[in-house]
Amino acid sequence: MPERWAQYYLGNGASLGWLLVVDAAAFLLGVSFYVHSDPSLGDISALAYPLFGDSPTALALAALSVATLLPNLGRRVTEAPSNRVLAVLHTLAFVWLVKYGLWTAIALNLRPDLYVGFTPALLWEYWIILLTHLLFLLQAALIPYYGETSREALVVALLLLLVNDVFDYGLGLYPPLRYDAGALLAGITVALSFLAVGYAAWAFDRCDAT
């Protein structure tokens with residue numbers, strides 16, 4: 001049944017197009033958040049934007065991954081082209097979506113006293129952000145139906161996630177929160193890097209399998 005759903009949504013031009021539109025809109029909304037945050041995109045080098053804007057980076061990778069299906073329309077998603085470059089792209093999209101979908105849920109709920117509530121501000125800053133980021137996990141679950149991974153892709157993904165962790169917590173440029181992250185959230189974030197890559201290794205077929 002899940003494979004049939006993946007085929008229906010990813011093999012249909014209309015639904016695939018809508019998914020790309022949603023990813024693009026969510027990416028722009030995420031960029032807007034970081035433009036108006038403190039610190040903001042204006043406070044760092046443009047080269048560091050992908051490391052600072054964790055969720056927009058996940059959405060950009062997800063959109064690029066989904067866009068590779070456009071030439072495959074009319075065929076089964078399981079027949080989508082596969083090579084080592086695409087394996088890296090699909091793996092990066094998967095691990096970024098998984099990591100920052102989970103990270104957001106954990107980070108907001110580490111301090112429920114600051115986030116959980118029903119004021120107009122908290123409806124956005126907790127409930128809507130929590131729901132939209134949990135949807136990252138749903139999109140991530142679709143990627144192994146059309147993508148593959150490789151040993152090299154998994155290594156690259158882990159190294160880049162750990163570089164992102166050093167950037168976030170070594171420089172204090174983790175996503176803006178209502179509290180200081182501290183050692184606990186930093187440790188959880190590093191653990192999520194390993195968890196996301198381990199999950200990718202389990203979920204994907206290998207393009208380098210012998």
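The chain is numbered in sequence order, starting from 1.
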Using only atom types and a distance under 3.5 Å, with no angle test, would you say the side chain of Q7 pairs donor to acceptor with the backbone of V77? yes
In chain order, what residues pass the side-chain contact (heavy atoms from CB on, under 4.5 Å) check against Y145, with sequence neighbours excluded? P2, E3, A6
Mind checking whether D38 and P176 have side chains closer than 4.5 Å, heavy atoms only? no
For L29 and T132: C-alpha separation, side-chain torsions, deciding distance, then whether side chain to side chain contact (heavy atoms under 4.5 Å, CB included) applies. CA-CA 11 Å; L29 188 61; T132 54; over 6 Å; no
Of all residues at least two apart in sequence or in a different chain, which pass the side chain to side chain donor-acceptor pair (under 3.5 Å) check with W103? Y169, T189
Do any N or O atoms from the side chain of D23 and from the backbone of F27 form a donor-acceptor pair under 3.5 angstrom? no
Do V166 and L161 belong to the same hydrophobic cluster, where Ile, Leu, Val, Met, Phe, Trp and Tyr are linked whenever their side-chain heavy atoms lie under 4.5 Å apart, directly or via other members? no
Checking Y199 side chain against F94 main chain: does a donor-acceptor pair fall under 3.5 Å? no
Does K99 reach the side chain of D165, with side-chain heavy atoms less than 4.5 Å apart? yes
Listed by chain and number, what are the salt bridge (charged side-chain N to carboxylate O under 4.0 Å, His left out) partners of D113, not counting sequence neighbours? R111
Could you identify which residues cluster with L135, counting Ile, Leu, Val, Met, Phe, Trp and Tyr as linked when any side-chain heavy atoms lie under 4.5 Å apart, either directly or through a chain of such contacts? L138
Side chain to side chain contact (heavy atoms under 4.5 Å, CB included) assessment of L177 paired with L185: CA-CA 11 Å; L177 295 167; L185 186 56; 3.6 Å; yes
Tell me whether the count of non-hydrogen atoms from other residues, nucleotides or ligands lying under 6.0 Å of OH in Y179 goes above 12. yes
Whether N109 side chain and P112 backbone form a donor-acceptor pair below 3.5 Å: no
Verify, without hydrogens or angle tests, whether T104 (side chain) and G101 (backbone) share a donor-acceptor contact under 3.5 angstrom. no
Describe, in one word, how the ring planes of W127 and F118 are oriented to each other, choosing from parallel (under 30°), tilted (30 to 60°) and perpendicular (over 60°). parallel
Which residue pairs satisfy the ring pair (Phe, Tyr, Trp, His ring centres under 6.0 Å) criterion with at least one member in residues 47-86, sequence neighbours excluded? Y34-F52
For a side chain to side chain contact (heavy atoms under 4.5 Å, CB included) check, start with the C-alpha distance between L64 and L92, then their side-chain angles and the critical distance, and finish with the verdict. CA-CA 10 Å; L64 288 173; L92 290 178; over 6 Å; no
Identify the two heavy atoms, one from I143 and one from S65, that lie closest to each other, and give their separation to 0.1 Å. CG2-OG, 4.1 Å
Y9 side chain near L142 side chain, heavy-atom distance below 4.5 Å: no
Measure the acute angle between the ring planes of H133 and F136, then classify it against the limits of 30° and 60° as parallel, tilted or perpendicular. tilted
With V35 via side-chain contact (heavy atoms from CB on, under 4.5 Å) - residues at least two apart: V31, L41
